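Here, residue 1 is the first one in the sequence, and each next residue gets the next number. Just so it is clear, the structure is predicted and the values come from calculations on it, not from any experiment.
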Amino acid sequence: MSNNHYNLQEKLVAGYDIAFDQDGVCGKRIASRLHEIAQIGLTDDNGSNRPGFSQGERLAKQLVAQWMKEAGLSVTIDGAGNVFGRLEGKDKNAKIILSGSHVDSVPNGGHFDGPLGVITALEVVEAWRKTGYQPEKSYEVVVFTDEEGSRFNSGFHGSEAVTGKGNIDEKLQLTDQAGVTFSEVLASVDLSVKGYQQAVRNLDDYELFIEVHIEQGKRLEKENLACGVVTGIAGPCWVEFTFTGQAGHAGNTPMNDRKDALIVASEFIQRVPSIPVTISSSAVATVGKLAVKPNGVNVIPGEVSLYVDMRDITRENQEQVVEKVVEAAQQIAEKHGVQLSYEEKIRISPVPIEAEFQALLAKSLEANNISPYYLPSGAGHDAMIIGEKVPAAMLFVKSKNGVSHHPDEWSDLNDCVQAVHVLKTFLENSQ
């Protein structure tokens, strides 16, 4: 961990246009809060290191909880460590609108992924307090625990607790890289398995959840737009494919008498990128992990295992990508006379964003002089989990060079503040 003091606030405000400080929104406050969170878990590379259920994540959540209280919100922390700040609406019987994100990070990650969504949601409250506005419907700002999943290689533990999703018995089998169990990790931050299970909320009380998040891509940057409307959150499906040929001596086995599993796998790998584009513009497929056996310099590969990550924003398209990738693997294995086995490791349903909320976000963009632009989310978010129970919407903020999960991750303060104005307009128009 670093002992240096990285001045993120100074960098953010350097090019800020003060004209965006309107209707109670304050760019300097947003920059200051991003900066303060960045100091928690600051790495030698000026990145963020706040794994889920760590003391760093806990301190960041405590800091946000303090800001919530200062903004006049009533604060509660559930058994999963999720922080909720509530602003009472005029109509106590109306359903609640929820907004927020997370403050945990991947190892040596950036300073915007997660915290920006929390701070923008809270900045709306600050603006309302400044202008004396009280919404009709109660509004809650949330900080979800452990979205990234860097602790257990499986994330969304906070939002899953809220929705009651996930098998607690499976979670209790999880261990981190140090061999510490899920229950032990909970105890290390004063949480318990019983409390975690009791964090389920009655989501019938909620009308919608909206999350502001950096894009983690280059589309908005290419369009030179501060923010854009997310059309859906792609659900990942991971399938492990194993091609089994025959190992042999690299010198004594003729080229016409080989069953080289790596050659077969290579043909398959080359085929994979051509499949998603035949289904939709938002479909993607990636080969990201490969294991070769025996993996010797002078040995013909006898077995190759690889993972294909396949995603799209509708279940039908997701299923089509998986079917066509499996079909391609079967055809190529048969062509070369090698064996094929495959196993689905994970499948998460995509979450399409309802047209009603896309349209309302588009109007909110136009009201703030931003041309509506629609784009899918290829990455998972807490909105994906909450969206299975409550209608969800997402607003993406421009990312410099599309960099994410890295110290170079960056969104200009001008774009961040414009996103606050869009969110504020959206929330006010949702009353």
Engineer: Going through the checks in order, is the salt bridge (charged side-chain N to carboxylate O under 4.0 Å, His left out) test met by K137 and E207?
Structural biologist: CA-CA 9 Å; K137 302 169 185 175; E207 180 174 296; 2.9 Å; yes

Engineer: Taking the six-membered ring of W410, is the NZ or CZ of K398 close enough (under 6.0 Å from the centre) and on axis enough (within 45°)?
Structural biologist: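 The answer is no, since K398 fails at least one limit relative to W410.
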
Engineer: Checking side-chain hydrogen bond (donor to acceptor under 3.5 Å, both in side chains) between T145 and each of E57, K61, H157, which is the one that passes?
Structural biologist: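 It is K61; the other options fail the test.
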
Engineer: Taking the six-membered ring of F396 as reference, does the NZ or CZ atom of R219 fall below 6.0 Å from its centre and within a 45° cone about the axis?
Structural biologist: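 No - R219 does not lie over the ring of F396 by the 6.0 Å and 45° rule.
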
Engineer: If I compare all heavy atoms of V200 with all of Q197, which pair ends up nearest, and what's the gap?
Structural biologist: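 Shortest heavy-atom separation between V200 and Q197 comes out as CG2-O, 3.5 Å.
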
Engineer: Does CG in N224 sit with more than 12 non-hydrogen atoms of other residues, nucleotides or ligands closer than 6.0 Å?
Structural biologist: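 No, the 6.0 Å shell around CG holds no more than 12 heavy atoms from other groups.
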
Engineer: Evaluate whether atom CH2 of W238 has more than 12 neighbouring non-hydrogen atoms of other residues, nucleotides or ligands under 6.0 angstrom away.
Structural biologist: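 Incorrect, the count does not exceed 12.
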
Engineer: Will you find, in the side chains of Q66 and E70, an N or O donor that is under 3.5 Å from an N or O acceptor?
Structural biologist: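 Judged by distance alone, the side chains do pair up.
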
Engineer: For S280 and A283, which heavy atoms make the closest approach, and how far apart are they?
Structural biologist: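 Minimum heavy-atom separation between S280 and A283: OG-N, 3.1 Å.
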
Engineer: Do V325 and F268 have side chains that approach each other closer than 4.5 Å (heavy atoms only, starting at C-beta)?
Structural biologist: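 Contact flag for V325/F268 side chains = yes.
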
Engineer: Charged N to carboxylate O below 4.0 Å: is that the case for K171 and D169?
Structural biologist: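 Salt bridge: no.
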
Engineer: Should we say atom NZ of K130 is surrounded by more than 12 heavy atoms from elsewhere, each under 6.0 Å from it?
Structural biologist: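 Open: at most 12 neighbouring heavy atoms sit under 6.0 Å from NZ of K130.
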
Engineer: For S282, which of N317, D312, T314 qualifies under side-chain hydrogen bond (donor to acceptor under 3.5 Å, both in side chains)?
Structural biologist: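 Going through the options one by one, the only one that passes is D312.
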
